[in-house]
There are 2 protein chains.
Amino acid sequence: MNARHPVDAAKDSLAAPALYEQVAERLRTRIYAHELAPGAWIDEQGLADEFGISRTPLREALKVLAAEGLVVLKPRRGCYVAALAERDLDEIFPVLALLEGRVAEEATRRLAGLEAGVGPLASADFSRLAEIHAELERHAAAHDIDRFFAANQRFHSALQELAGNRWLSQLIDDTRKFLKLTRRDSLRLDGRLKQSLAEHRAILAAMKKQDAAAAALQMHNHILSGRAALAKLLTQP
Amino acid sequence: MNARHPVDAAKDSLAAPALYEQVAERLRTRIYAHELAPGAWIDEQGLADEFGISRTPLREALKVLAAEGLVVLKPRRGCYVAALAERDLDEIFPVLALLEGRVAEEATRRLAGLEAGVGPLASADFSRLAEIHAELERHAAAHDIDRFFAANQRFHSALQELAGNRWLSQLIDDTRKFLKLTRRDSLRLDGRLKQSLAEHRAILAAMKKQDAAAAALQMHNHILSGRAALAKLLTQP
DNA sequence: CTGGATAATACTGTATCCATAATTATGAAT
DNA sequence: ATTCATAATTATGGATACAGTATTATCCAG
């Protein structure tokens, strides 16, 4: 989890983030880039020197990363970059599929205006989704994986926002953050880009039909499909 | 999340927990007991003095608690105990219901031996569940809420273990930890004990019939039922 | 008596320092 | 030469000290 609190994110947005938070961010970047490789020992003094800071804020940052699961703290033995096994993926993806499926379901309900209280959301929201999807189509056609990846993230984020459940979003974000440890990008697999696009279309179609259950199912399959692609990628990189 | 890493819990069980971890635990206890009330400011120096330690490990502990969502860190303004609103409960319980429902589903599948690879788990596991349930029945009859509460926790834990998905368990544990901020115990509500018991019976019955979907549904309803009880408790305490 | 500016105070954030435990290197004995 | 014991080194965990900023108190003006 982020240092910002999950639900009640008390962000005085103009307040400069504390040093330990900046350090945590820098470390995340390095870990994701495998510049700090999985299993690698983290040299506190070395990094502190390199960052030009003392060990104190660095160690606080490590506590945060440990809570996120990006590093493992071994008492009296130091800190190591977390490594996630095949088994972890097998356990994580189904859960992620469950959560994201629920997001799709809720988002669809919200769009359909079936939710009590809130009332029907403007269809502007749907066009926003459609807009992002159009981007996906374009980037896929151009085989621009990086932009596709970015747009894909925006798509899922937009959906989460639509679903309007902060806790649900939080758990998904936490999970995805952890998953980024693999760095392997299943989109690079041969037919995966096209396949992913097709799955997105199916999700969007279900939402358009205001079929929440179908949207959930399609999203669920979409995530598991990502898992399968990743598995293939790991056997033949 | 806990300071122990979610998946790869590196616990050299005989290693004494670091001081910051012990401190975190003491703070959790105080927070749950509302000895540190929601919204209250946390006096670092004061607590450090009281615990007979320096501010360093205390601050590290606070970072951990912040990651768990139990406290909120405001840059340059200090640390405050998190307060969760009615809306948070409305967002959290459905997610918890989803997750616990999945646990029931997976556990049932495992019991039924439908899972590939692992093979049918010994029916000893089911009798263990049944045993815990018998305890629940007894404590309910005796109106021993505390023991009922404890046995209830064991029941859910046993189920999680059966389901065998560590990530799923982790998310549930995180969520429950956060929920404990309310401290309000829905079991204290008038007919809730009996009702909860009935729901447990339904869950167990579904599992016995090896009906995973039904088990999931019953568990789902069980959790949401807990939410409803809590809501009632908050209007008329 | 109220409002605002300035000074005093207190607390957070960071750096430095020290003690202790773990690891590695060294040496002696079998 | 191998193995065990012991010493040296290094890193972690914790305490203390210091700087900078937010908050509170005080005082003066209107």
Side-chain angles (χ1 to χ4, degrees), chain A residues 2-5 8-27 30-31 36-37 39-67 70-82, chain B residues 2-5 8-27 30-31 36-37 39-67 70-82:
Chain A
N2 205 321
R4 315 196 181 302
H5 177 266
D8 201 9
K11 48 166 109 175
D12 297 0
S13 27
L14 45 155
L19 183 54
Y20 82 90
E21 186 53 51
Q22 303 177 41
V23 171
E25 189 53 35
R26 292 182 72 171
L27 288 179
R30 292 206 176 188
I31 289 174
L36 291 169
W41 172 68
I42 292 180
D43 182 1
E44 294 182 1
Q45 190 62 61
L47 281 174
D49 290 346
E50 192 184 331
F51 290 167
I53 59 172
S54 78
R55 276 176 55 222
T56 310
L58 186 101
R59 297 193 49 204
E60 291 183 349
L62 290 179
K63 297 290 180 298
V64 173
L65 295 188
L70 296 186
V71 300
V72 180
L73 259 31
K74 300 188 182 181
R76 291 271 165 208
R77 309 250 341 229
C79 182
Y80 297 80
V81 179
Chain B
N2 204 321
R4 311 196 183 301
H5 177 266
D8 201 10
K11 48 164 107 179
D12 297 0
S13 27
L14 43 156
L19 183 53
Y20 83 90
E21 186 52 55
Q22 301 177 41
V23 170
E25 189 53 36
R26 292 182 71 171
L27 288 177
R30 290 206 178 187
I31 290 174
L36 291 169
W41 172 68
I42 291 180
D43 181 1
E44 293 183 2
Q45 191 61 61
L47 280 174
D49 291 347
E50 191 183 331
F51 290 167
I53 59 172
S54 78
R55 277 176 55 223
T56 308
L58 186 101
R59 283 173 54 89
E60 293 181 347
L62 290 179
K63 298 289 180 297
V64 172
L65 295 188
L70 296 185
V71 301
V72 179
L73 258 31
K74 301 189 180 179
R76 296 271 167 207
R77 310 251 338 230
C79 181
Y80 296 80
V81 179

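Residues satisfying the side-chain contact (heavy atoms from CB on, under 4.5 Å) criterion with B:Ala24, sequence neighbours excluded, are B:Glu21, B:Arg28, B:Ala61, B:Leu65.
Rounded to whole angstrom, the span from the CD atom of B:Glu60 across to the P atom of C:dG13 amounts to 14 Å. Rounding to whole angstrom units, CG of residue A:Leu58 and P of C:dA15 are separated by 10 Å. Distance CZ (B:Arg55) to P (C:dT16): 17 Å, rounded to an integer number of Å. Counting to the nearest Å, the C1' atom of C:dT12 and the CD atom of A:Glu21 are 16 Å from each other. Whole-Å rounding puts the B:Leu62 CG to C:dC11 P distance at 15 Å. Straight-line distance from the OH atom of B:Tyr80 to the C1' atom of C:dT12: 11 Å, rounded to whole Å.
Taking CG of B:Leu73 as the start and CD of A:Glu60 as the end, the distance is 9.0 Å to the nearest 0.5 Å. In this structure, B:Leu62 CG and A:Lys63 NZ are separated by 12.5 Å, a value rounded to the nearest 0.5 Å. Atom CG of residue A:Leu27 and atom CZ of residue A:Phe51 lie 5.0 Å apart, to the nearest 0.5 angstrom. For the atom pair A:Ile53 CD1 and A:Gln22 CD, the distance stands at 9.0 Å (nearest 0.5 Å).
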In residues 42-50 of chain A, what donor-acceptor pairs under 3.5 Å come from side-chain atoms, sequence neighbours left out?
| from | atom 1 | to | atom 2 | distance (Å) |
| --- | --- | --- | --- | --- |
| A:Asp43 | OD1 | A:Gln45 | N | 3.4 |
| A:Asp43 | OD1 | A:Gly46 | N | 3.2 |
| A:Glu44 | OE1 | A:Arg55 | NE | 3.1 |
| A:Glu44 | OE1 | A:Arg55 | NH2 | 3.2 |
| A:Gln45 | NE2 | A:Asp49 | OD1 | 3.0 |
| A:Glu50 | OE2 | A:Arg30 | NH1 | 3.1 |
| A:Glu50 | OE2 | A:Arg30 | NH2 | 2.5 |

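Here chain B contacts DNA chain D (any atom closer than 4.0 Å to a heavy atom, that is under 4.0 Å), and the contacts span D:dG14 to D:dT23 from 5' to 3'.
Taking both residues in full, the closest heavy atoms of B:Trp41 and B:Arg77 are given as NE1-O, 4.1 Å, listed atom of the first, atom of the second, then distance. Of all non-hydrogen atoms in A:Leu19 and A:Pro57, the two that sit nearest each other are CD2-CG, 3.9 Å.
Heavy-atom nearest nucleotides on DNA chain C were determined for A:Arg76 and for A:Ala18, and the one closer to the 5' end corresponds to A:Ala18.
Within a heavy-atom distance below 4.0 Å of DNA chain C, the residues of residues 43-54 of chain B found are B:Glu44.
Contact annotation for B:Ile42: backbone-only contact, meaning every heavy-atom pair under 4.0 Å involves sugar-phosphate atoms and none involves a base.
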